[in-house]
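Below is one structure; the comments refer to it alone.
Heavy-atom basis, side chains included; hydrogens, waters and symmetry copies ignored. The sequence lines fix the lettering, A, B, ..., with proteins before strands; numbering per chain opens at 1.
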There are 2 protein chains.
Amino acid sequence: MSEYKKIIDTIRKFNRFYTVNMGFLNSNYLDSSYSVAETRILFEIKMNESCTQSDIVKILHIDKSYLSRIVQRLCTRGIMQKIKSEDDKRTTKITLTEMGKKETDRLIELTNMQIGAKVAGLSKEDCNELCDALNTIILILGKEVN
Amino acid sequence: MSEYKKIIDTIRKFNRFYTVNMGFLNSNYLDSSYSVAETRILFEIKMNESCTQSDIVKILHIDKSYLSRIVQRLCTRGIMQKIKSEDDKRTTKITLTEMGKKETDRLIELTNMQIGAKVAGLSKEDCNELCDALNTIILILGKEVN
DNA sequence: AGCATTTAGTGGATTTTGTCAACTAAATTG
DNA sequence: CAATTTAGTTGACAAAATCCACTAAATGCT
């Protein structure tokens, strides 16, 4: 079997396994008070400190009007703030409020616990091996630029 | 850093990387004529040859009423068939029609090409290493029963 | 400069997706 | 054989996501 056929089959098998086994990846089992999209947006802002809506649109590939409404909702809920940019008056910087930061941290903690539950029974050796394997994949697939 | 903290951080990093980099996983960029749910259902029936709706409900964790309607739709589109079971008259076996099989194969071929594009530039060595890493993850995480 | 095009974000209207509860019919429990 | 469970269907809704048209600001072009 050629390398390509083998790797494609393996990735296919992995995807199937991972989405079932780690199915919470894109689930709202996390916390019913935030949708999947909201959660991803919160995580993204957390990572990027401060960013514009179009930044998020580009990264997460979601519709700009959809995002706009989500941001509005989260603003009225006191989770984030829109700050008019001085240099480019079309754009608004989005930042988390104190409450938003706390909430995001809480959500991260929740996912950590879910992940923790998944690996709870693993031995030290398995943990290390798993880490290596995950990093290997990031390294190799990261070479492919898109 | 403890093994657990390390592995949780790594999985978190991996999830982020993989959903962005391999984002097509659960996308309908695949083929606009089938929704994500429809595609998953088609793949599942393909794998299990013949199965009941409740089988699929259990495997894919989707609402039975939701599934029922999707199956109906795909039946009227000539993709699949419901066959009354003799032994248990509550259940209906679902099978793909010839057209359904062709369509499913076509969808699989499409994902294969998407995956292929992702790994196109990899060396033989990288391919093998990647395969090993993916299989390692399946092996280790597969130990954890849920 | 001045006009055309692009970009950021908003809002209306709609479709798609997914959920919940109630129901029928058949199977299972005990 | 009555009570409970299971498989699937349907109605009514709610949530999520998309499409399109629009305003205002920035950028490109000649």
Subject >> Close side-chain approach of D31(A) to R106(A), heavy-atom, < 4.5 Å >> reply: yes
Name the pairs: protein N/O against N/O of nucleotides 10-13 of chain C, kept only if under 3.5 Å.
| from | atom 1 | to | atom 2 | distance (Å) |
| --- | --- | --- | --- | --- |
| dT10(C) | OP1 | K82(A) | NZ | 2.5 |
| dT10(C) | OP2 | Q53(A) | OE1 | 3.3 |
| dT10(C) | OP2 | Q53(A) | NE2 | 2.8 |
| dT10(C) | OP2 | S68(A) | OG | 2.7 |
| dT10(C) | O5' | S68(A) | OG | 3.4 |
| dG11(C) | OP2 | Q72(A) | NE2 | 2.4 |
| dG11(C) | O6 | S65(A) | OG | 3.3 |
| dG12(C) | N7 | R69(A) | NH1 | 3.0 |
| dG12(C) | O6 | R69(A) | NH2 | 2.4 |

**OP:** Would you mind reading off the distance between K84(B) atom NZ and dA7(D) atom P, rounded to a whole angstrom?
**Re:** 13 Å
Original post:
dA15(D) C1' sits how many Å from I70(A) CD1, rounded?
Top reply: 11 Å
**OP:** Looking at every strand, decide which applies to D55(B) at a 4.0 Å heavy-atom threshold: base, sugar-phosphate, or nothing.
**Re:** nothing
**OP:** Please tell me which of the listed nucleotides, dA25(D), dG9(C), dT17(C), lies nearest to the side chain of S54(A)?
**Re:** dG9(C)
Subject >> Sole candidate of R12(B), K6(B), K5(B), K13(B) that passes salt bridge (Lys or Arg N to Asp or Glu O under 4.0 Å) when paired with D9(B) >> reply: K5(B)
**OP:** Evaluate the side-chain proximity of R16(A) to M47(B): yes if any heavy-atom separation is below 4.5 Å, no if none is.
**Re:** yes
Original post:
Taking side chain as C-beta onward, heavy atoms only, is Y34(B) less than 4.5 Å from R40(B)?
Top reply: no
Original post:
Could you state the CD-C1' distance from E86(B) to dA26(C), rounded to the nearest angstrom?
Top reply: 13 Å
Original post:
Any side-chain heavy atom of K58(A) within less than 4.5 Å of one from K64(A)?
Top reply: no
**OP:** Would you kindly compare R90(A) and E38(A) by the position of their nearest DNA chain D nucleotide and give the one closer to the 5′ end?
**Re:** E38(A)
**OP:** Take the protein atom NE2 of H61(B) and the nucleotide atom C1' of dT19(C), then report the distance between them rounded to whole Å.
**Re:** 16 Å
**OP:** Quick one: label K93(A) by what it contacts on the DNA or RNA (base, sugar-phosphate, nothing), any heavy atom closer than 4.0 Å.
**Re:** nothing
**OP:** Examine the side chains of D55(A) and T52(A) and answer whether a donor and an acceptor come within less than 3.5 Å of each other.
**Re:** yes
Original post:
Over how many whole Å does the gap from I56(B) atom CD1 to dT6(D) atom C1' extend?
Top reply: 16 Å
Original post:
Any chance the rings of Y18(A) and F14(B) have centres within less than 6.0 Å?
Top reply: yes
Original post:
Given atom CG of D88(B) and atom P of dT5(D), what is their separation to the nearest angstrom?
Top reply: 17 Å
Original post:
Is the shortest side-chain N/O distance from K58(B) to OP1 or OP2 of dA7(D) below 4.0 Å?
Top reply: yes
**OP:** Quickly work out the I41(B) CD1 to dT17(C) P distance and round it to whole Å.
**Re:** 11 Å
Original post:
Between dA7(D) atom P and I62(B) atom CD1, what is the distance in whole Å?
Top reply: 15 Å
